[in-house]
J.: 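I'd like to ask some things about the structure below.
Please read all numbers here as calculations on a predicted model, not as lab measurements. We name chains A, B, ... by the order of the sequence lines, and we start the count at 1 in each one.
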Amino acid sequence: MNNSVIPISNLQLAFSVFLVLIAGGVAAFLRLGLLRNLAWGTVRTFLQLVLVGYVLAYIFAVDNLWLVLGVVTLMCLVAAQTAVRRGPAVAGGHFLLAFTAVAASTYLVGSLVTGLIIAPHPFYEARIVIPISGMILGNTMNGIALALDRLYSEARSRTGEIEGLLTFGATPWEAAREAVREAIRAGMTPTINSLMVVGLVSLPGMMTGQILAGTDPRQAVRYQIVVMLMIAAAAAMGCLILVGLSYKKLFNADGALQPFVLQSRDQG
Amino acid sequence: MEFEKISYSLGNQPARRVLVSGAVAAGGVRVVRGASGAGKTTLLRILARLTTCLEGQVFLDGRNWRNFPGPLWRTLVHYLAQTPALFHGTVGANLAKPFETRLVRSRKSFDPQAARSLLEEVLLPAGIWDQDARTLSGGEAIRVALVRSLTLDPRVLLLDEPTAALDARAREAVLRLLAQWVAGDGRAVVLVSHQEGPLPFDHLSSLDIEPGEKNAP
């Protein structure tokens, strides 16, 4: 058994174009109108990944604490932007909250994993920290986008209950508690479901990558366990922070519901 | 409770501005009248501080409403919607619901016995206590919600067509209970009602909201 990664040469990489021709053949045969997107997507895949390869190689080589922190923060900014953009179109200000949520969960959970569990030398080793942060961010981003969307839809469908509670002297938190709980539940459910089926339905990408790179599957599995639990923790924390901060935006300074929550979606 | 020059706009195009002033004295019942869409519900929501108004002030015992925190104000000047909010659970659980907020819990505790006798006064059977609140009819729901509001013991009760879904007998029972309640110490009712016919209140006055009122500057 050859315990190292088998390199792909330029020629071998060029052969992968045949794979695109298969997808393109299907698209052309059925006139799906996807050829342009497929071609552009292929070009982008090549360019983006080649670029990322060089950038990562540079960052790994430099392995400087500040550079690593800067890259992780940049990743947090992009993740926050993406999470908010796919979410409901509501009064602005969510970007900052989303950034707070993803940054807090990434830095805290990421530090726990790299500092305590994997413990590389130095502790900020880019080869460990950046991929770990990326996995945390990708999942937290999806989780908070779901949670934010659910928070607004729950609030809109529960206006009667929320206002009923307000007339009982409820604070915004007391009135919105059920909607907040449902929102966090919605954000955490996908990662919890993935804990149930991991390894049965599909092999996670990280583990597959390690196995392709020649790692003993028994060792790759250990990494994957850490990653799965880390993702669950980060998604929970991200959703909690974001929903815990943004439910206040449903209410005005007097503690009553904002008009946009009471209006139908198309008006608002 | 007095409200001075409360102004608000209604509708989108063209927005119509409404300006009202009024008062309700202790022991009094003020009936708000006006055509559909005149802004009666909005007025009650403003008085309860569920909706913000453009201008105007409300005084309770001479104290400006801004001197009360919103949650406290909403328990003192308590709004009951025409379609009341009922929560998951039994009628009994719904009646205890207001006592789940910290504000109410810190002041009084739920008295199931008092709630049961109020249910009886509005002609609801004792067995309704264990019924799922979401299976109530409209007329039952409004009476359960009214009992729930009364157990909160507000100073001013803002009622939005509380008798619209009731038959004659139930309507009479509800009005009788309200008349009895408002006679208590320092209480008042502001009532939106479309129904013609006599109302059994001692100190009754009405307040008309004109459709298309143009007192606005």
J.: Among B:H78, B:E100, B:R74, which residue forms the greatest number of heavy-atom pairs with chain A at distances under 4.5 Å?
T.: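 The answer is B:R74.
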
J.: Give a yes or no on whether B:R171 atom CZ has more than 12 heavy-atom contacts from other residues, nucleotides or ligands under 6.0 Å away.
T.: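 Atom CZ in B:R171 is crowded, with more than 12 foreign heavy atoms closer than 6.0 Å.
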
J.: Considering all heavy atoms of both residues, which atom of B:T101 and which atom of A:L165 are nearest to each other, and what is their separation?
T.: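 It is CG2-O, 4.4 Å.
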
J.: Just to verify, which of A:D254, A:L166, A:L262, A:L257 counts as forming a side-chain contact (heavy atoms from CB on, under 4.5 Å) with B:L50?
T.: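 By the side-chain contact (heavy atoms from CB on, under 4.5 Å) criterion, B:L50 pairs with just one of A:D254, A:L166, A:L262, A:L257: A:L166.
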
J.: At their closest point, which heavy atom of B:A85 faces which heavy atom of A:G164, and how far apart are they?
T.: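 Minimum heavy-atom contact is CB-CA, 4.3 Å.
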
J.: What's the separation between atom OG1 in B:T52 and atom CD in A:Q258, rounded to the nearest 0.5 Å?
T.: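 Taking OG1 in B:T52 and CD in A:Q258, the distance rounds to 8.5 Å.
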
J.: Step through the shown structure and confirm whether more than 12 heavy atoms of other residues, nucleotides or ligands are within 6.0 Å of CD on A:Q48.
T.: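 Yes, because the 6.0 Å sphere around CD of A:Q48 holds more than 12 heavy atoms from other groups.
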
J.: Any idea which heavy atoms bring A:F168 and B:L152 closest together, and the distance?
T.: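 That would be CD2-CD1, 3.7 Å.
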
J.: When only pairs under 4.5 Å are counted, which of B:K97, B:R66, B:R102, B:R49 shares the most heavy-atom pairs with chain A?
T.: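 So the answer, after comparing B:K97, B:R66, B:R102, B:R49, is B:R49.
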
J.: Over all heavy atoms of both residues, which pair between A:T171 and B:P71 is shortest? Give the atoms and the distance, please.
T.: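 Shortest heavy-atom separation between A:T171 and B:P71 comes out as CA-CG, 4.5 Å.
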
J.: If you tally heavy-atom pairs under 4.5 Å against chain B, which of A:A170, A:P172, A:A175 wins?
T.: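 Among A:A170, A:P172, A:A175, the one with the most close pairs to chain B is A:A170.
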
J.: Please determine whether the number of non-hydrogen atoms from other residues, nucleotides or ligands lying under 6.0 Å from atom CG of B:D185 exceeds 12.
T.: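 Open: at most 12 neighbouring heavy atoms sit under 6.0 Å from CG of B:D185.
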
J.: Flag yes if more than 12 heavy atoms outside A:Y223 fall under 6.0 Å of its OH atom; otherwise flag no.
T.: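 Open: at most 12 neighbouring heavy atoms sit under 6.0 Å from OH of A:Y223.
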
J.: Under 4.5 Å heavy-atom distance to chain B, tell me which part of A:E174 shows up: side chain, backbone, both or neither.
T.: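 Looking at A:E174, just its side chain touches chain B.
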
